[in-house]
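Structure record follows, encoded as structure tokens.
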Amino acid sequence: MLRAKWIAFVLLTTAVSASLSRAQSPATQQRISRVENGLLPTIVFQGEAAKPSTIAARMKHHKAPGLSVAIINDGALEWARGYGVAEAGAQIPITPTTLFQAGAVSKSAVSLAVLKMVEQGKLDLDEDVNKWLVNWRVPQNQFTANEKVTLRRLLSHTAGATVDGFSGYSDEQALPSVVQVLAGAAPAHNPPVTIDLVPGSKYRQSGGGYVIVQQILTDVTREPFANVMRKSVLSELGMTNSTYDQPLPGSRAMSAACGHRQDGAKVPGKWRIYPEQAAAGLWTTPSDLAHMAIEVQSALIGKGQKLLSPQMARLMLTPQLQNSGLGLFVDGRGETEHFSHGGRNDGFDTIMIMYPRAGKGAVIMINANNNAGFVSEVLQSIAKEYQWPDYRPTRQREVLKVDAALLRSYEGRYRLNGDTFLTIHIEDDRLFAKLPGMGTVELFAESKNTFFITIADIHYAFIQDAAGETTALTIRANRQEQTATRVR
């Protein structure tokens with residue numbers, strides 16, 4: 001149900017609430033109360049009962065400072081609330097207008113801007129992007145000899161572009177230009193963005209690909225990227241609390257949450273700066289992201305769309321390879337079809353999910369990393385209360401005892417794609433995985449070589465050769481499967 005490969009979560013000692021759309025009727029207040037007090041795990045062990053908990057209790061358990069939530073129902077923003085504080089140890093409460101870094105969810109709004117320009121005839125999804133690039137060009141090589149890098153492929157992570165993500169810069173570091181980021185030239189601290197797969201041949205997450213899109217939009221419009229996004233998307237959708245400005249202007253800094261890392265420490269300087277704006281540079285709120293999700297849903301059903309035609313909205317939600325649409329990930333079929341995107345920057349996590357046929361969804365943002373079980377519990381509570389089409393109650397799972405020697409044979413480092421790795425290790429005869437975007441989680445055996453985790457419905461299967469050597473593992477979630485090759 002939930003794109004569980006993402007996310008972590010947080011909560012409270014003080015709750016500050018507000019409604020940003022409909023008046024909160026007594027019925028809505030009751031629904032809010034049930035969401036706040038009905039958190040349930042996705043999976044429990046055989047023989048255990050799923051015990052409801054509260055947002056406040058889980059926030060304390062995860063030692064995370066702040067959470068902001070927006071709920072979409074019947075195709076409209078029903079309610080939004082903030083919980084906890086903007087900075088650990090401080091007393092500034094999270095409100096629905098507190099700004100968070102959206103991480104990779106930045107890409108979804110960028111895709112809307114591109115698709116709008118495609119409908120206006122200013123861009124083409126299937127042309128070689130070097131047609132529009134002026135200040136930097138996609139390097140040509142053997143991979144681009146017959147297949148070209150196009151906007152369709154960049155937006156769906158199928159262009160073969162390198163550089164998975166970006167780590168950001170402190171306010172004391174020199175900031176690179178976009179061209180320096182693309183070239184991997186100082187002061188940028190990422191490798192060059194190149195093409196090392198045949199375009200269109202494989203899905204592989206690439207923040208570098210979206211920086212190419214960023215350069216295209218600035219070259220075509222001859223305007224700063226933040227201005228392009230403000231004029232073409234943010235203002236059009238009423239996302240008045242959102243900006244792609246990097247660094248964040250001082251006038252908005254007072255409204256921004258401080259980021260917190262996996263160990264609870266504050267991000268030095270409160271947050272990182274991301275000149276890779278299209279990939280990770282959006283500052284926003286759950287309510288603003290809800291407006292964006294509602295726009296896609298409205299366009300899809302032909303009801304009051306502001307940016308896209310129904311045809312373009314359907315194209316946006318058409319998977320190109322695996323479940324990757326154009327700036328969104330798409331899962332389910334028919335009534336269960338939903339689009340989503342997760343995001344993580346240093347100190348911030350985000351999840352956005354929407355069921356367009358049902359008109360139901362949610363956006364959750366936190367100023368912390370690595371509380372992945374909590375976001376699943378919050379989403380589970382929302383899904384139960386609002387009867388999301390593919391909501392499933394907590395499942396009971398039986399755990400098998402596996403010989404420690406066999407577990408040790410699974411230890412190692414596995415390459416997911418490009419420079420993205422996960423590591424498997426043992427502690428006290430228990431198997432753990434350190435996962436991109438999820439931190440360290442324990443794996444529980446359902447057979448000798450297949451395992452599950454309790455924070456989400458994700459399964460892992462280790463693959464061995466004829467000699468009994470572990471060579472790879474597969475990861476299965478939401479009917480999608482990915483193979484990671486063992487590198488040591």
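Of the charged side-chain nitrogens involved, at least one lies within less than 4.0 Å of a carboxylate oxygen, so that Glu337 and Arg314 count as a salt-bridged pair.
No more than 12 heavy atoms of other residues, nucleotides or ligands lie within 6.0 Å of CD in Glu398, so this atom counts as exposed by the packing criterion. Annotation: Lys116, atom NZ; neighbour count of heavy atoms from other residues, nucleotides and ligands within 6.0 Å is above 12.
When ring centroids are compared, Tyr244 and Phe225 come within the 6.0 Å threshold. Separation of the Tyr386 and Tyr391 ring centroids does not fall under the 6.0 Å cut-off.
Looking only at side-chain heavy atoms (C-beta outward), Trp283 and Asp245 stay at 4.5 Å or farther from each other. Side-chain contact between Ile382 and Trp388: present, with at least one pair of heavy atoms (C-beta onward) separated by less than 4.5 Å. Looking at heavy atoms from C-beta onward, His61 lies out of side-chain contact with Phe374 at the 4.5 angstrom threshold. Looking at Leu289 and Leu282, their side chains come closer than 4.5 Å, going by heavy atoms from C-beta outward. Taking 4.5 Å as the limit, every side-chain heavy atom of Glu295 sits out of range of all side-chain heavy atoms of Glu236. Side-chain atoms of Val44 and Thr454, non-hydrogen and from C-beta on, never get closer than 4.5 Å to each other. Using a 4.5 Å heavy-atom threshold, the side chains of Thr218 and Val178 count as separate. With a 4.5 Å cut-off on side-chain heavy atoms, Leu115 and Leu125 count as touching.
Nearest heavy-atom pair, Ser53 versus Arg58, reported as atom, atom and distance to 0.1 Å: OG-CD, 3.5 Å. The two residues Phe339 and Ala293 make their nearest non-hydrogen contact at CZ-O, 3.6 Å. The two atoms that bring Ser68 and Pro96 nearest to each other are OG-CA, 4.2 Å, heavy atoms only. The heavy-atom pair separating Ala70 from Ser287 by the smallest distance is CB-N, 3.8 Å.
Looking at Thr95 and Thr97, their side chains do bring a donor and an acceptor atom within 3.5 Å of each other. The closest side-chain donor-acceptor pair between Ser108 and Ser111, if any, does not fall under 3.5 angstrom. Counted by atom type alone, Glu119 and Ser309 present one or more donor-acceptor pairs between their side chains at under 3.5 Å. In this model, a donor atom of one side chain and an acceptor atom of the other lie less than 3.5 Å apart for Ser242 and Asp288. Checking Gln101 against Tyr274 by side-chain atom types alone, no donor-acceptor pair falls below 3.5 Å.
Between Phe452 and His459, the ring planes are tilted. Angles from 30° to 60° get that label. Using bins of under 30°, 30° to 60° and over 60° for the plane-to-plane angle, the ring pair Phe45/Phe444 lands in the perpendicular bin.
Tested against Leu473 for a side chain to side chain contact (heavy atoms under 4.5 Å, CB included), the candidates Leu416, Thr483, Ile424, Ile463 yield a single pass: Ile424. A side chain to side chain contact (heavy atoms under 4.5 Å, CB included) with Tyr210 is found for one member of Gln215, Gln205, Gln277, His157 and no other, namely His157.
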